[in-house]
Amino acid sequence: MKDELARLLLNWYRQNARSLPWRGHSDPYAIWVSEIMLQQTRVDTVLPYYLRWMRDFPDISTLANASEHAVLLVWEGLGYYNRARCMRRAAQQMMQLHDGKIPADYEQLLKLPGIGPYTAAAIASMAFGLDRAVVDGNVKRVLARILPYTLAVNTPTAESALRHAAQELLPEGNAGDFNQALMELGALVCLPRKPLCDRCPLPSICAAFQQGAQAELPLMKEKKPVPHLVVTAAILRQDDRVLIAKRPARGLLGGLWEFPGGKVKENETHADALARELMEELGVSTQVGNRFGTYRHAYTHFSITLHAYEIISQKKTAKPLHHAELRWVALAELESYPMGKIDRMISRDLVQAELANAA
DNA sequence: AAGACGTGGCA
DNA sequence: TTGCCAAGTCT
């Protein structure tokens with residue numbers, strides 16, 4: 001079973017592997033960058049980000065010396081921004097502790113920020129040829145069907161069992177290709193909803209296929225429904241500038257810039273909520289004016305409806321009571337401040353409104 | 001251990 | 001439109 005699996009899978013991979021910029025060579029830096037970007041993110045989404053990143057930060061030394069601002073700007077839109085901050089810190093640690101290189105050792109890789117069991121195994125096998133099996137969402141799904149594994153796969157128990165199974169199935173000396181082949185099969189053929197079993201190289205091995213149960217696996221422990229929040233944001237103006245605030249380094253959208261504001265509580269009007277938030281966050285008393293726009297956005301664990309309002313008047317000077325920093329910037333400068341999706345939409349609409357106004 | 005942590009694509 | 005999901009890690 002083990003030899004047959006490796007033979008069929010690697011043969012399929014040789015004919016069906018997508019040509020990707022981080023494949024076909026074993027530059028550890030390129031592999032590291034791609035693996036971090038690919039965490040919870042599709043190849044198609046990653047491609048343009050990968051190319052820009054490699055252009056701006058072509059090696060560990062450049063990344064280690066780059067500002068967090070520059071790193072976040074290139075990362076803007078990719079999500080899970082802690083990944084970018086961790087990469088910069090990891091690059092600095094590589095400069096200090098590893099002679100400016102990515103360590104060729106699973107345990108050392110694991111100690112670096114942003115590198116967990118999956119990424120350490122991916123780099124170890126793909127960049128350094130070490131016999132380490134990777135277990136990601138693709139591998140879990142493929143193995144759940146092949147073995148089969150009939151318990152929920154998104155649990156610590158399953159994680160451990162499937163990691164053990166994957167390591168057992170790994171062909172010695174060919175771990176990098178085998179790992180990528182298993183993930184490529186999951187991404188192209190062994191799909192979550194409608195697996196394309198007629199294109200699969202493993203029908204002779206797959207227990208689920210032979211039982212006609214491929215649509216029932218893998219089993220997932222159900223997730224909790226996500227709450228919906230109503231929030232407000234302020235457009236504060238001073239001459240031809242608007243106020244933006246840098247979020248604290250940790251937590252949601254850490255280190256990114258936003259238009260200040262916050263959650264609307266029960267029995268509170270938008271205007272009351274926004275004035276209260278601006279007092280709490282900036283120490284200013286304000287008069288809330290017209291609504292500029294309404295925006296909807298879904299994060300991983302909650303969704304929001306955001307109402308942005310123009311501020312008519314403000315007393316006292318705004319201070320960063322909750323934020324890392326405040327800055328009054330011209331509309332044309334907004335693009336150079338990294339923002340999350342919803343604040344970027346507001347920012348772009350402000351520039352558009354200004355252009356329409358001038359015309 | 002369970003929840004936090006983004007975004008875009010697709011049914 | 002809504003919900004689900006995609007090459008996980010951190011706390």
Side-chain angles (χ1 to χ4, degrees), chain A residues 17-18 20 22-23 30-50 72 75-87 89-90 109-123 125-126 132-143 152-160 162-163 166 176 178-188 190-194 218 220-228 247-256 258 295-305 338-345:
Chain A
R18 289 168 290 182
L20 300 171
W22 51 85
R23 279 188 179 156
I31 290 169
W32 173 43
V33 172
S34 68
E35 289 303 334
I36 300 292
M37 287 188 170
L38 285 163
Q39 288 170 8
Q40 305 287 285
T41 312
R42 289 183 173 77
V43 164
D44 288 344
T45 303
V46 164
L47 274 171
Y49 284 92
Y50 173 83
L72 286 174
W75 200 273
E76 181 182 313
L78 247 195
Y80 289 133
Y81 297 91
N82 197 38
R83 292 183 294 174
R85 292 195 301 273
C86 281
M87 281 194 78
R89 282 200 291 133
L109 286 165
L110 214 44
K111 289 180 184 170
L112 292 164
I115 297 186
Y118 164 78
T119 307
I123 297 172
S125 63
M126 297 173 201
R132 284 280 180 176
V134 300
V135 176
D136 72 334
N138 288 308
V139 174
K140 284 181 188 170
R141 184 170 60 257
V142 172
L143 290 184
V153 297
N154 54 342
T155 66
T157 310
E159 190 77 36
S160 165
L162 291 173
R163 203 173 292 162
F178 181 83
N179 283 337
Q180 293 188 76
L182 214 45
M183 293 191 285
E184 195 81 337
L185 187 72
L188 301 181
C190 198
L191 306 174
R193 308 191 208 204
K194 284 191 176 178
M220 302 280 271
K221 194 170 74 172
E222 69 178 287
K223 294 161 188 166
K224 293 178 179 171
V226 301
H228 183 84
R247 296 176 60 93
R250 309 180 70 100
L252 185 71
L253 305 173
L256 300 187
E258 68 175 5
Y295 303 82
R296 281 166 235 291
H297 190 60
Y299 297 97
T300 308
H301 54 298
F302 66 96
S303 60
I304 66 173
T305 300
M339 293 182 180
K341 172 75 179 171
I342 203 161
D343 288 284
R344 182 55 73 209
M345 288 195 284

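By convention in this document, chain letters (A, B, ...) are assigned in the order of the sequence lines, proteins followed by strands, and residues within each chain are numbered from 1.
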Atom pair distance, as rounded to whole Å: CD in A:E35 and C1' in C:dG8 = 11 Å
Rounded distance (Å) that lies between atom P of C:dT9 and atom CG of A:N154 = 16 Å
query = With no hydrogens and no angle check, do the side chains of A:T305 and A:H228 hold a donor and an acceptor under 3.5 Å apart?
reply = yes
query = Which part of the nucleic acid, if any, lies within contact of A:R163, taking any heavy atom under 4.0 Å across all strands shown: a base, the sugar-phosphate backbone alone, or nothing?
reply = nothing
Between P of C:dG3 and CZ of A:R296, the distance in whole Å = 13 Å
inquiry  = Taking the six-membered ring for Trp, are A:Y49 and A:W75 closer than 6.0 Å centroid to centroid?
reply    = no
query = Under 3.5 Å, side chain of A:R132 to main-chain N/O of A:A120, donor-acceptor pair present?
reply = no
request  = Please determine, by modelled atom types, if A:E76 and A:Y81 share a side-chain donor-acceptor pair under 3.5 angstrom.
outcome  = no
ask   = What string of B, S and - do you get for nucleotides 5-11 of chain B 5' to 3' if you count protein non-hydrogen atoms under 4.0 Å?
value = BBBB---
key: Residues A:E184, A:R23; criterion salt bridge (charged side-chain N to carboxylate O under 4.0 Å, His left out); working and verdict   = CA-CA 12 Å; A:E184 195 81 337; A:R23 279 188 179 156; 3.0 Å; yes
query = How is A:R247 classified with respect to the nucleic acid when contacts are heavy atoms under 4.0 Å: base, sugar-phosphate, or nothing?
reply = nothing
request  = Quickly work out the A:I304 CD1 to B:dA4 P distance and round it to whole Å.
outcome  = 15 Å
key: Distance in angstrom units between A:R89 CZ and C:dT9 P, rounded   = 15 Å
query = Nearest-Å distance, CG (A:L188) to P (C:dA6)?
reply = 13 Å
inquiry  = Under 4.0 Å, counting only non-hydrogen atoms across every strand here, what does A:P225 touch: a base, just sugar-phosphate, or nothing?
reply    = nothing
Side chain of A:K223 (C-beta onward), nearest among C:dA6, B:dA2, C:dC5 = C:dC5
message = Using a 4.0 Å heavy-atom cut-off, does A:S34 contact any base of the nucleic acid, only the sugar-phosphate backbone, or nothing at all?
response = nothing
task = Using atom NZ of A:K221 as one end and atom C1' of C:dC5 as the other, report the distance to the nearest whole Å.
result = 17 Å
query = For A:R85, which contact category applies under a 4.0 Å heavy-atom criterion: base, sugar-phosphate, or nothing?
reply = nothing
P gap between C:dT11 and B:dG6, integer Å = 13 Å
message = Is the distance from the ring center of A:Y299 to that of A:H301 below 6.0 Å?
response = no
message = Closer than 3.5 angstrom, by distance alone: can the side chain of A:N154 be matched with the main-chain N or O of A:M220 as a donor-acceptor pair?
response = no
request  = Take atom CG of A:L20 and atom P of C:dA6, then tell me their distance rounded to the nearest Å.
outcome  = 18 Å
remark   = Heavy-atom nearest nucleotide on DNA chain C taken for A:L112 and for A:V139; more 5' hit belongs to A:V139
